[in-house]
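What follows is a short report on a single structure.
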Amino acid sequence: VHINPQSKVTTADAAMIINRIIGAKIETSMTVFADDDQIPDGARESLTSLTELGILEKTNGKISPNSPLTRAQTAQIIMSLLEYRGKLNK
């Protein structure tokens, strides 16, 4: 993932970064996104895995992969990551 430090981080960017850190991999997924055709190459596995784990959330069936993350979404992702980490450490 190459991110310009001056640009905003998209949902797809964040998913790929987070997935590289935690190494989440869902073998079989039933997750379907209403905006599936907008998912960038290389981001599908990360978006799917993190959605299945509850780290990312869909809105009206969409993941909005190319939209910049809001502060609220970033906070939600951080809280979900902390919860996920807590489950792993139990």
Side-chain angles (χ1 to χ4, degrees):
V1 177
H2 174 67
I3 297 177
N4 177 344
Q6 303 304 316
S7 66
K8 296 184 185 235
V9 176
T10 67
T11 305
D13 294 333
M16 289 188 289
I17 292 166
I18 293 166
N19 204 34
R20 282 189 181 173
I21 294 168
I22 68 171
K25 185 170 178 98
I26 303 296
E27 296 299 323
T28 305
S29 174
M30 301 309 279
T31 300
V32 177
F33 303 109
D35 51 357
D36 193 66
D37 60 330
Q38 297 176 22
I39 296 175
D41 292 338
R44 183 173 313 285
E45 181 179 331
S46 297
L47 289 165
T48 301
S49 295
L50 296 179
T51 301
E52 289 277 331
L53 292 172
I55 295 170
L56 293 179
E57 295 179 359
K58 296 189 283 185
T59 303
N60 297 323
K62 295 182 179 182
I63 196 67
S64 302
N66 300 309
S67 296
L69 288 178
T70 64
R71 288 180 184 202
Q73 289 169 316
T74 302
Q76 178 269 315
I77 290 169
I78 291 169
M79 290 302 298
S80 296
L81 280 169
L82 292 172
E83 290 174 11
Y84 174 75
R85 182 176 170 217
K87 290 176 187 174
L88 290 180
N89 291 333
K90 288 185 179 182

_Closest non-hydrogen atom pair between Ala14 and Leu69, with its separation_ = CB-CD1, 3.5 Å
*Between Leu47 and Ala12, which heavy-atom pair has the shortest distance, and what is it?*
CD2-CA, 4.2 Å
*asked:* Could you tell me if the side chain of Asn66 sits less than 4.5 Å from the side chain of Pro40, heavy atoms only?
replied: yes
Which donor-acceptor pairs under 3.5 Å do side chains of residues 57-64 form with protein atoms, sequence neighbours excluded?
unit_1: Lys58; atom_1: NZ; unit_2: Val32; atom_2: O; d: 2.9

*Would you find more than 12 non-hydrogen atoms of other residues, nucleotides or ligands less than 6.0 Å from Asp41 atom CG?*
no
Find the distance between [atom1] ([X]) and [atom2] ([Y]) and round it off to the nearest 0.5 Å.
| X | Y | atom1 | atom2 | answer |
| --- | --- | --- | --- | --- |
| Phe33 | Gln38 | CZ | CD | 12.0 Å |
| Thr11 | Ile39 | OG1 | CD1 | 10.5 Å |
| Leu50 | Tyr84 | CG | OH | 8.5 Å |
| Arg20 | Ile18 | CZ | CD1 | 12.5 Å |

Kindly list each side-chain donor-acceptor pair under 3.5 angstrom involving residues 71-82, sequence neighbours excluded, with atom names and distances?
unit_1: Gln73; atom_1: OE1; unit_2: Thr70; atom_2: N; d: 2.8
unit_1: Gln73; atom_1: OE1; unit_2: Thr70; atom_2: OG1; d: 3.3
unit_1: Thr74; atom_1: OG1; unit_2: Thr70; atom_2: O; d: 2.9
unit_1: Gln76; atom_1: NE2; unit_2: Ile55; atom_2: O; d: 3.1
unit_1: Gln76; atom_1: NE2; unit_2: Ser80; atom_2: OG; d: 2.9
unit_1: Ser80; atom_1: OG; unit_2: Gly54; atom_2: O; d: 3.4
unit_1: Ser80; atom_1: OG; unit_2: Gln76; atom_2: O; d: 3.0

_I'd like to know if Lys8 and Asp13 make a salt bridge, using a cut-off of under 4.0 Å between side-chain N and carboxylate O._
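Looking at Asp13 together with Lys8, the answer is no, because their closest N to O distance does not fall below 4.0 Å.
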*Provide the full list of side-chain hydrogen bond (donor to acceptor under 3.5 Å, both in side chains) pairs with a residue in residues 46-55, sequence neighbours left out, each pair given once.*
Asn19-Ser46, Ser29-Glu52, Thr31-Glu52
*Would Leu53 and Ile26 count as a side-chain contact (heavy atoms from CB on, under 4.5 Å) if you check the C-alpha gap in whole Å, the side-chain angles of each, and the deciding distance to 0.1 Å?*
CA-CA 9 Å; Leu53 292 172; Ile26 303 296; 4.2 Å; yes
